[in-house]
Amino acid sequence: MGTKVNIIVGSHVWAEDPEICWVDGEVVKINGEDAEIQVTNGKKIVANLSKLYPKDMEAAAGGVDDMTKLSYLHEPGVLQNLAIRYELNEIYTYTGNILIAVNPFQRLPHLYDPHMMQQYKGAPFGELSPHVFAVADVAYRAMINEKKSNAILVSGESGAGKTETTKMLMRYLAYLGGRAATEGRTVEQQVLESNPVLEAFGNAKTVRNNNSSRFGKFVEIQFDKHGRISGAAIRTYLLERSRVCQISDPERNYHCFYLLCAAPQEEVEKYKLGNPKTFHYLNQSNCYELVGVSDAHEYLATRRAMDIVGISTQEQDAIFRVVAAILHIGNIEFSKGKEVDSSVLKDEKSKFHLETTAELLMCNPGALEDALCKRVMVTPEEVIKRSLDPYNATISRDGLAKTIYSRLFDWLVDKINSSIGQDASSKCLIGVLDIYGFESFKSNSFEQFCINYTNEKLQQHFNQHVFKMEQEEYTKEQIDWSYIEFVDNQDVLDLIEKKPGGVIALLDEACMFPKSTHETFAQKLYQTFQKHKRFVKPKLSRTDFTICHYAGEVLYQSDQFLDKNKDYVVAEHQELLSASKCSFISGLFPPLPEETSKSSKFSSIGARFKQQLQALMDTLNSTEPHYIRCVKPNNVLKPAIFENVNVMQQLRCGGVLEAIRISCAGYPTRRTFYEFLHRFGILAPEALEGNSDEKVACKKILDKKGLAGFQIGKTKVFLRAGQMAELDARRTEVLSAAAKTIQGKMRTHIMRKKFLSLRKASVCVQAIWRGRLACKLYDSMRREAAAVKVQKNQRRHQARRSYRLQYASVLVVQTALRAMAARNQFRFKKQSKAAVRIQAHYRCYRAHSYLRKLKCAAIVAQCRWRGRIARKELKKLKMEARETGALKEAKDKLEKKVEELTWRVQLEKRLRTDLEEAKTQEVSKLQSSMEVLQAKLDEANTMLVKEREAAKTIEEAPPVVQETQVIVQDTEKIDSLTTEVQELKSSLQSEKQRADDLEKKRSEEEQANEEKQKKLEETEIKIRQFQDYLRRLEEKLANVESENKVLRQQAVSMAPSKILSGRSKSNLQRSSENVQVSSNDPKITPESNNTSSPKKEYDIDDKPQKSLNEKQQENQDLLIRCIAQHLGYAGNRPVAACIIYKCLLHWRSFEVERTSVFDRIIQTIGHAIETQDNNEVLAYWLSNASTLLLLLQRTLKASGSTGMAPQRRRSSSATLFGRMTQSFRGAPQGVNLSLINGSMVSGVETLRQVEAKYPALLFKQQLTAYVEKIYGMIRDNLKKEISPLLGLCIQAPRTSRASLMKGSSRSNTNTAAQQALIAHWQGIVKSLGNFLNILKVNNVALLQVPPFLVRKVFTQIFSFINVQLFNSLLLRRECCSFSNGEYVKAGLAELEHWCYRATDEYAGSAWDELKHIRQAIGFLVIHQKPKKTLDEISHDLCPVLSIQQLYRISTMYWDDKYGTHSVSPEVISNMRVLMTEDSNNPVSNSFLLDDDSSIPFSVDDISKSMEQIDISDIEPPPLIRENSGFVFLLPPPE
């Protein structure tokens, strides 16, 4: 970072300052190696040029979110960037992939809400603003994708916010991975709840912090194969054991000792404790209490935390018994005994503490004293017991205390891990390391040495990771980095840990010699490391030594190094405590193997520390690391205070400056081609002219300026340290030259008049000479034109000849290649055709086989099912036949008539069958006789042929053969056969004539049969009509019987049996008569009318009711199967909703106490939309559900008749009887839909309301829920469709810098570029238009899905667009630019145009939902922002935006087009004041918007928005049209 840069007069630089680290100013004078600087505070200082750093005057006002983007990567630049961002409440900043978190010391809830988690979920690293969620997301994605464990190293000094950062990490990981199926508290809650316990036993007050962790904690969050959190474990490292026995002023021991001393009085008396000043382990320091902390309250809080993590009361008592015992052990003092080198208890006080310790540890006091004062040595000959002097006894006492405390802490960690639960099958984990940072105090002892040794190890790991990231960046950009040296601290680690000559090895060696002192140890260090560059011997001290760590030099005092390093594993201590009567204490000290228990063995704390550190490094090396450096901005722990010196020290201790040093060793300055050309294009304007390649333009600029060592990557320019300052100096010179040019032009203008007078005098002379020169020029041009013409013709001839040769060659090659390609294509088509033919035949065969099997199975199933239904129906008809007394005579007559007609039909069928059989037999006989005759004729012809051949042979024979009588006989036989053939021909002719006569007769019979068939069909139609009419009558009768039974049961509880009998009988008779009178069927015969007046009282029992229930169940099944189909619309009304409503109304389902039809309808709707991503299907069901809900809303009313007086009940019963009879005369109850007036009264408002029971009301609520659910599914589907397009619409694609500087060439491609930029917005508009078209196609003009529902959908979609765009604008600085504002503004214009085309009927107020993004974009694209006041911005330009939102936009804005600035500093400061006043309000503190996913309407809204519906003329679907149970749906007969 000390690379010499080009500093000239006028350069803006940073200079060192002892108070605030760095000050900025302008170089006004340079004297050799010194420069005089005018500081911004008005002072002038002189500094050496080598200690100056250039300042970037074009840095963004709000800083950069990644410090690798800084033009100058050095200490003052990093510090300034952090200070600027901290002032803007931007507490997170990247340095590459390292996150720096500055503690704000105030609540910022908007940074950690679920919406912010959703923004960072899956977002590429660096795309959004820096955040701890981004680091956790990268670790989680790497673990899931690469199946490798990751570690997040959170470091920083106490108070920097490590614990809060760890909490946020675990919260986000739980949000990402979810949780496995566990009960009770979540894993991250259990880990966080264990913090108070670990802090009580592992934290202590140090010089810098009141609650410093004195151990390292590595939290392993385990994940299952699905990426869900399945367990966790807490690993602790490097507990500072020496603190138990030795502390320095003004520090404190571990908190648990002070908490126990401040416990309730009964606890203190129980453990025989008192004031902390009375205990040796606590009174070595004068600090006993912490400011603002009550140890008594903390003790109770610790006990509660122990309860939460699962530590029982008995175990808690045992734990604090051990803590009290350690305090009493520290008060045991020794003096010299009577024997040489022996020791005894010093006084009665020591004896009291010894007995108390033995009582608390539940062991023998004598054995405890022997274990402290004596040692057993085992030799081959004998066992020797020797005494210890007081010094060694004190060491033994302290060793016992440290061992007990260490074992107790390990037990607590194991108990917490068992309480949390670990996943043994987990293959991947994310570890979070929280460990103490680098320490450097005025007095540094063995503890600081171990801590800084740990940080050196971690820093080496950090440096390797940073260098690896640098290598990956260079490799990605394909530049050479092989010569870059790696900044390593291995020499410091060798100085500390190397064997045998390291500091730890020398310390262990000194501890093993009894006569060694800290002076001899220091002298040994001086002799060994006198030439080591990292080891320094102070001049004024004989025991101190200095080590040059990566974070600076630390002076160590070796006075207590030996004492704090000694740690004996004493066999007597082990034997004593393992034999304790307390199971808890004996469990802390399990029996050791026999070979280790015979004698004491020296153990070094430093060596053990080194082993644990190596184990930690092995764990980290097995994971992929991620770094978070927490920074405490001030020591007063208050917000808005940034102490430069303090922060710089933490950056140095945290290794951030070391990472910068590594970057500076390579290429610290990296700029994209666009940024480089934008800043340094003025150095070589000719490089940009006519050159569209930005990479080439950058190289030309650098080559022109003579820089060496730079490299050009794929997308960036990499500059060595100091080269950025060199370019800025050259740029300053160019700008200065431009300023001088402007000044010269102004001076030229002053001399203009003088020049004009001189020009007039020279014009004449110039005219003469120009004429002469023009003549010469003309002659030269003529000669040149002639030469050019000759050259042109010659070159054309040569080029044409060359072209013809190439043309012929190409034709030959093309012909061969095309022929070869054609052959290959023909061969491929031939093979493909053969394969297709084989596949077609095989698939045909397979489908035919399957169809044949399926057809057979279907026929069998249909036969069985139809038989079962027929038997069931026959059984029902038989049962009903025995129970229908009133209609028995009419039924018998109809049955007789049906039987007579059936007998006649069967007789005709039988006659027809016999006639056909006779005709068939005659035809078959004639055919058989014809076949016989034909066979004989063929045989005769054959014989005749043979005879003729024989005769011909005989004729040709020699004449010596004499004629015989046989020839005469053969001739006669031939003649007889010929005669027989003639007879057969004549008989055949007669048979043919007979056959023709029979055929004519058969045709006549067929005509007669057809006439009879027509008559039979007419008869069957009449029979079916009679059967339908009979079923209607049976159905009416069944309804009357069932209602009669219900009414009788209700009347029993209201009136005496005689009154009931008379009233019900008369009412039943009247109702039956009304049924017959109201019937308008023209096919009713007089006999059937006579049978309808009953003469006797019917017997109503359980059988007809059971039959009615079964029939009702079948009707319900048929209805469910019907509505499961897509029934479409009748006009503008959904058929399914109307059919359901009419059926439920007719069946009186709304008035029954228990029914299953509602649940089945709901299940059908739920199954139809269960996994539907098709908006057409969802729109269909939304139409049906909303229509049905409207009908229910206007029809149903809650029942209020329960709990009434008996008199009221009687009147209600009478009304019920009246309503029963009215159901066969009037309109209200649904039977009238098809049987009374022929049509339903128009509209539903004329129907009086029905008193609904609980199932109907529940059905209405469920239907309401489904309307809301379907609405939400449609809305979410549209959101999913436009979300990818929104991601592309957030930021405008960046055009190249070279194309922007071409001038006129840009205008030619402007239109095409604009079309490409707006394509994503047009995709969103297309999606919205398609969705609106789907709704219109599904429901004609949206008359049933209310237009206000459509408006609600588009309103919420536009609100979603507003939230996504606005939040992305506030989370990404690259989006808050002028050009991006113009791009988004053009897209919003597309949305506005769509709203206009969709009209207010469907779009509604959707455009108003974009008010946040519209006002934000309007602010980005306005000019002269610095002239705007806060009142104008907040009330005129952006009245909807909050102060927090305006503040963030103002600080993140940058003008990439014109280079203008954001609002004035006064406006920014006023905004900050208003934000501070509002900081206590968490709602107003959040600058992000939340997406509203609620349902924005109610049932009343649906009812008010929809028109009345006439369902009287709805035609039932074919599935139920022919079923007798749904005759009420049929339109009335004419």
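Numbers here simply count residues along the sequence, with the first being 1.
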Indicate yes or no: at least one non-hydrogen side-chain atom of [X] is less than 4.5 angstrom from one of [Y].
X	Y	value
Gln934	Met930	no
Leu1144	Phe1158	yes
Val1177	His1126	no
Asp997	Lys1001	no
Ile1139	Phe1526	no
Lys936	Val981	no
Ile1161	Ile1120	yes
Arg1160	Val1157	no

Notebook entry, point to check: Got a donor-acceptor contact below 3.5 angstrom from the Thr920 side chain to the Glu916 backbone?
Noted result: yes
Item checked: Tyr1180 (side chain) donor-acceptor with Leu1127 (main chain) under 3.5 angstrom -> yes
Next item on the list: Indicate yes or no: does Lys876 engage Glu1114 in a salt bridge with an N to O separation below 4.0 Å.
Entry: yes
Check: Regarding His841 and Arg837, is there a side-chain donor-to-acceptor distance under 3.5 Å anywhere?
Finding: no
Side chains of residues 815-831: which donor-acceptor pairs under 3.5 Å do they make with residues two or more places apart or in other chains?
from	atom 1	to	atom 2	distance (Å)
Thr815	OG1	Leu811	O	2.7
Asn824	OD1	Arg827	NH1	3.0
Asn824	ND2	Met820	O	3.3

Item checked: Results of side chain to side chain contact (heavy atoms under 4.5 Å, CB included) for Glu1017 - residues two or more places apart only -> Gln1013
Next item on the list: Sequence neighbours left out, what passes side chain to side chain contact (heavy atoms under 4.5 Å, CB included) with Lys875? Give chain and number order.
Entry: Met879
Item checked: Residue pair Thr1155 / Ser1149: nearest heavy atoms and the distance that separates them -> CG2-O, 4.3 Å
Check: How many angstroms lie between CD1 in Ile1520 and SG in Cys1122, if you round to the nearest 0.5 Å?
Finding: 4.5 Å
Notebook entry, point to check: Aromatic rings Phe1528 and His1146: how do their planes relate, parallel, tilted or perpendicular, breaks at 30° and 60°?
Noted result: parallel
